[in-house]
There are 2 protein chains.
Amino acid sequence: MAQGSAAHNIFDWTDRIPEGPLDPVLQALVRDIIGKVADKWTMLILEALEEHGTLRFTDVGRKVGDISQKMLTKTLRQMEADGLVERTVHPVIPPHVDYQLTEMGRSLGGAFCGVWLWAEAHHDQIEASRKAFAARQAEG
Amino acid sequence: MAQGSAAHNIFDWTDRIPEGPLDPVLQALVRDIIGKVADKWTMLILEALEEHGTLRFTDVGRKVGDISQKMLTKTLRQMEADGLVERTVHPVIPPHVDYQLTEMGRSLGGAFCGVWLWAEAHHDQIEASRKAFAARQAEG
DNA sequence: TTCGATACATACCCAAAGGAGAGTGAAGGT
DNA sequence: ACCTTCACTCTCCTTTGGGTATGTATCGAA
């Protein structure tokens, strides 16, 4: 059975009406945003800036912890492009660059807050589930 | 300058007190959960199951949209291990497998709800920011 | 005169993510 | 005797993520 007969999706649903009043363009846009914004480093940097206010480059790295310089630069640039952070360059030597959340960045931080709290509240339950699942796999 | 002189992190902060009363173990645990749970496919599947209740394998794929069978299987398995979804196998032929959210899965869905709303509310603003950023880069 | 500080850019490399397509197995329809 | 269905699994293969190392500019201090 040739599954990928259509375009690129395995499930050929072209003969069905997907939903109804859902705008596929908006759907795609939101999905794209979710994909970029629900990134590990984005979340971590967001939290660091939310907690400490304005930080300069190396300080962001220190607050986040185990992040390489490359990913720090890359993620900060992406966040700047998306309008989540504001980058302020002071033309001095040695260079001094400040990063702070924009209004939109702060609002995203608030939206993520629920996920953080959820993770803190359920991490032991997740551990338990994983162990139970592993045990099930080992037996059956 | 050899940046990676310490372990694996570029920023050598071993001579500083990191924060204070923050438990590094819990910090790591939560970070791990965030990394796995704040995954694009996890979020998408979670939303599909939240919206439609119980779905079988191919239906989850259809609701999510552009997901390959491989990632669907993988993500569903991970979610099952984490205790977010319950997998029910009906031993019939052809096979019939149902997926539904657990209580914990539903609570995570609630936590993510804020992010979805945020994405829907700010996608146009993000687009504008990206265009402005690109224009700034183009000029110099 | 060389060093160190700061905020990167660039290049090289490896590992993981993820897509495409084929295969599987057993029952029921034609 | 064949085809179809469903929920996968398995094997390639390409793309992306991400770490490491090094370079750069400039100024003041040692």
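Each chain gets a letter, A, B and so on, in the order the sequences are listed, and its residues count up from 1. Since we're looking at a predicted model, the values are computed, not measured.
- One finds no salt bridge joining A/R130 and A/E127 here, because no Lys/Arg side-chain nitrogen approaches an Asp/Glu carboxylate oxygen to under 4.0 Å.
- Between the CG atom of A/D39 and the P atom of C/dA17 there is a distance of 13 Å, rounded to whole Å.
- Taking atom CZ of residue B/F57 and atom P of nucleotide D/dC8, one finds them 5 Å apart after rounding to whole Å.
- Dashed line: the shortest gap from a side-chain N or O of B/Y99 to OP1 or OP2 of D/dC6 is not under 4.0 Å.
- Put simply, B/F133 and A/M79 are part of two different groups of oily side chains (I, L, V, M, F, W, Y) that touch within less than 4.5 Å, one to the next.
- Regarding contacts with the backbone of D/dA7, a side-chain N or O of B/R56 is found under 4.0 angstrom from either OP1 or OP2.
- Residue A/Q69 contributes atom CD, which lies 14 Å from atom P of C/dT10 at whole-angstrom precision.
- Between C/dC12, C/dG25, C/dA7, one nucleotide has an atom nearer to the side chain of B/P95 than all others, and that is C/dG25.
- The B/T73 side chain lies nearest to D/dC8 when the options are D/dC8, C/dG19, D/dG19.
- Residues B/L76 and A/K74 each lie close to DNA chain D; by heavy-atom proximity, the contact nearer the 5' end of the strand is made by B/L76.
- One interatomic measurement links the two molecules: NE2 of A/H96 to C1' of C/dC8, which rounds to 15 Å at whole-angstrom precision.
- Atom CD1 of A/I45 is separated from atom P of D/dG18 by 11 Å (rounded to the nearest Å).
- Ring orientation note: the planes of B/Y99 and B/F57 are tilted relative to one another, at an angle of 30° to 60°.
- Rounded to an integer number of Å, the gap from A/I67 CD1 to D/dG17 C1' is 12 Å.
- Considering only the side chain of A/M71, D/dG18 comes nearest among D/dG18, D/dC6, C/dG19.
- In this model, the phosphate group of C/dA7 is approached by a side-chain N or O of A/T58 to a distance below 4.0 Å at OP1 or OP2.
- Linking Ile, Leu, Val, Met, Phe, Trp and Tyr whenever their side-chain heavy atoms come within less than 4.5 Å leaves A/I93 and A/V89 in two separate clusters.
- Listed pair B/R77 / D/dA7 fails the phosphate criterion, with no side-chain N or O lying under 4.0 Å from OP1 or OP2.
- Contact record, A/T42 with A/K36: OG1-O, 3.7 Å, taken as the closest heavy-atom pair.
- Taking atom CG on B/D59 and atom P on D/dC8, their separation rounds to 12 Å, with Å as the unit.
- As a whole-Å value, the separation of B/K40 NZ from C/dG18 C1' is 10 Å.
- Ranking D/dG18, C/dT6, D/dC8 by closeness to the A/P94 side chain, first place goes to C/dT6.
- Out of C/dG19, C/dC8, C/dA27, the shortest distance to the side chain of A/R87 is found at C/dC8.
- An OP1 or OP2 oxygen of D/dG17 is reached within less than 4.0 angstrom by no side-chain nitrogen or oxygen of A/W41.
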